[in-house]
Amino acid sequence: MGNLASTLWRRGQLEEAEKLDREVLELQIEILGQKHHDTVRTMGNLASTLYCRGQLEEAEKLHREALELQIEILGQKHPDTVSTMGNLALTLRKCGQLEAAEKLLREVLAFRSTFLGARHPSTIRTMGNLSLTLFRRGQLEEAEQMEQEVLALRTKVLGAHHPHTILAKNNLAITTKQLASRRTSTKRRMKILAIITG
């Protein structure tokens, strides 16, 4: 049933996937218990489905619960735990909790860089997610620097014409344009201030 829910999710049949995830989770809690690895994984799957359906409050709650259980059962550095941290960070970002999202994404990036390496697709994806969070927080210089790294890595690993590389190029262009606009605006303000204070 869990595999069917994942298939439905990938096909965009989110309502059906949610229903099935809820059924599977209920059965797993009953049969395996709340702290079984498979139960916690299903909890995370349901949270991701809820995120995609825009049910962010419940998604955040389930991601937090799954993360707490994974830390207890698997440890802080287990790949599933780190993945749940990343999913929670994306949910927090979508909810506007940018500072908390940034903090979690920095932790995820540190784990993935250490254990998977800088060129691993999961590490690069996390860098991209962190750069978008930095952009939304207005930290454009750091976002631009990270997006340059993402673009360079995606070009090396995936090639220049891969959709993820093209997306990285687009993200960098948007950030660079925003940063240039900010710098121009600051220069204008400085000139006006100089005129006024004469």
Side-chain angles (χ1 to χ4, degrees), residues 5-6 9-10 12-15 17-19 21-22 25 40-72 76 79-113 121-151 153-154 163-164 166-186 189:
S6 294
W9 188 87
R10 281 191 296 275
Q13 296 173 283
L14 299 176
E15 189 174 334
E18 177 189 344
K19 183 176 181 248
D21 274 336
R22 287 187 188 280
L25 182 58
V40 178
R41 182 180 293 134
T42 300
M43 192 180 296
N45 290 344
L46 175 57
S48 293
T49 301
L50 293 168
Y51 170 88
C52 290
R53 296 199 67 211
Q55 297 173 29
L56 300 177
E57 191 174 306
E58 188 178 0
E60 179 185 344
K61 179 181 172 284
L62 277 174
H63 277 310
R64 286 187 186 281
E65 191 176 340
L67 180 59
E68 188 177 305
L69 289 167
Q70 285 174 324
I71 290 170
E72 181 183 333
Q76 183 88 19
D80 288 352
T81 306
V82 174
S83 182
T84 299
M85 286 173 70
N87 290 336
L88 174 58
L90 297 181
T91 303
L92 293 172
R93 183 177 70 198
K94 188 99 167 182
C95 290
Q97 299 175 48
L98 300 177
E99 189 175 336
E102 178 188 343
K103 182 179 181 289
L104 273 178
L105 285 168
R106 287 190 187 281
E107 286 183 55
V108 172
L109 182 58
F111 285 131
R112 288 186 169 156
S113 295
S122 294
T123 306
I124 299 168
R125 184 176 57 251
T126 302
M127 286 177 71
N129 286 330
L130 178 55
S131 69
L132 178 57
T133 304
L134 293 168
F135 177 88
R136 291 193 179 158
R137 292 199 69 203
Q139 299 173 10
L140 299 180
E141 290 85 0
E142 188 178 358
E144 182 184 45
Q145 181 183 349
M146 193 166 284
E147 287 168 356
Q148 289 170 347
E149 288 180 58
V150 170
L151 178 58
L153 286 166
R154 284 192 169 156
H164 292 165
I166 294 167
L167 177 63
K169 221 178 262 190
N170 183 61
N171 290 343
L172 176 58
I174 290 169
T175 302
T176 301
K177 181 179 176 185
Q178 190 77 3
L179 196 52
S181 176
R182 180 189 281 179
R183 288 178 181 143
T184 301
S185 178
T186 302
R189 276 187 258 141

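Keep in mind that what you see is a predicted model, and the values were worked out from it rather than measured. By convention here, the first residue in the shown sequence is residue 1.
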Shortest non-hydrogen contact between [X] and [Y], atoms and distance:
{"X": "Tyr51", "Y": "Leu90", "result": "CE1-O, 3.8 Å"}
{"X": "Leu134", "Y": "Ala143", "result": "CB-CB, 3.9 Å"}
{"X": "Ala59", "Y": "Ala47", "result": "CB-O, 3.4 Å"}
{"X": "Thr133", "Y": "Ala101", "result": "CG2-CB, 4.2 Å"}
{"X": "Ala66", "Y": "Met43", "result": "N-SD, 3.7 Å"}
{"X": "Leu67", "Y": "Met85", "result": "CD1-CG, 3.4 Å"}

*Just one of Arg22, Arg64, Arg53 clears the salt bridge (charged side-chain N to carboxylate O under 4.0 Å, His left out) bar with Glu58, so which one?*
Arg22
Separation between [atom1] of [X] and [atom2] of [Y], rounded to the nearest 0.5 Å:
{"X": "Leu151", "Y": "Leu167", "atom1": "CG", "atom2": "CG", "result": "10.5 Å"}
{"X": "Thr49", "Y": "Asp21", "atom1": "OG1", "atom2": "CG", "result": "4.5 Å"}
{"X": "Arg93", "Y": "Leu132", "atom1": "CZ", "atom2": "CG", "result": "4.0 Å"}
{"X": "Glu147", "Y": "Thr176", "atom1": "CD", "atom2": "OG1", "result": "7.0 Å"}
{"X": "Ile71", "Y": "Asp80", "atom1": "CD1", "atom2": "CG", "result": "12.5 Å"}
{"X": "Leu25", "Y": "Leu62", "atom1": "CG", "atom2": "CG", "result": "7.5 Å"}

_More than 12 heavy atoms of other residues, nucleotides or ligands under 6.0 Å from CD of Gln13: yes or no?_
yes
_Glu15 CD: over 12 foreign heavy atoms closer than 6.0 Å_ = no
Examine distances only and state if a side-chain atom of [X] and a backbone atom of [Y] form a donor-acceptor pair shorter than 3.5 Å.
{"X": "Ser131", "Y": "Gly128", "answer": "yes"}
{"X": "Thr175", "Y": "Asn171", "answer": "yes"}
{"X": "Thr91", "Y": "Glu60", "answer": "no"}

_Evaluate Phe111 against Thr81 for side-chain contact (heavy atoms from CB on, under 4.5 Å), listing each step before the verdict._
CA-CA 10 Å; Phe111 285 131; Thr81 306; over 6 Å; no
*So Arg106 and Glu102, side-chain contact (heavy atoms from CB on, under 4.5 Å) or not? Walk me through it.*
CA-CA 6 Å; Arg106 287 190 187 281; Glu102 178 188 343; 2.9 Å; yes
Do [X] and [Y] have side chains that approach each other closer than 4.5 Å (heavy atoms only, starting at C-beta)?
{"X": "Ile124", "Y": "His164", "result": "no"}
{"X": "Pro121", "Y": "Arg112", "result": "no"}
{"X": "Glu149", "Y": "Gln145", "result": "yes"}
{"X": "Arg41", "Y": "Asn45", "result": "yes"}

*Evaluate side-chain contact (heavy atoms from CB on, under 4.5 Å) for Arg182 paired with Gln178, printing each intermediate quantity in order.*
CA-CA 6 Å; Arg182 180 189 281 179; Gln178 190 77 3; 5.9 Å; no
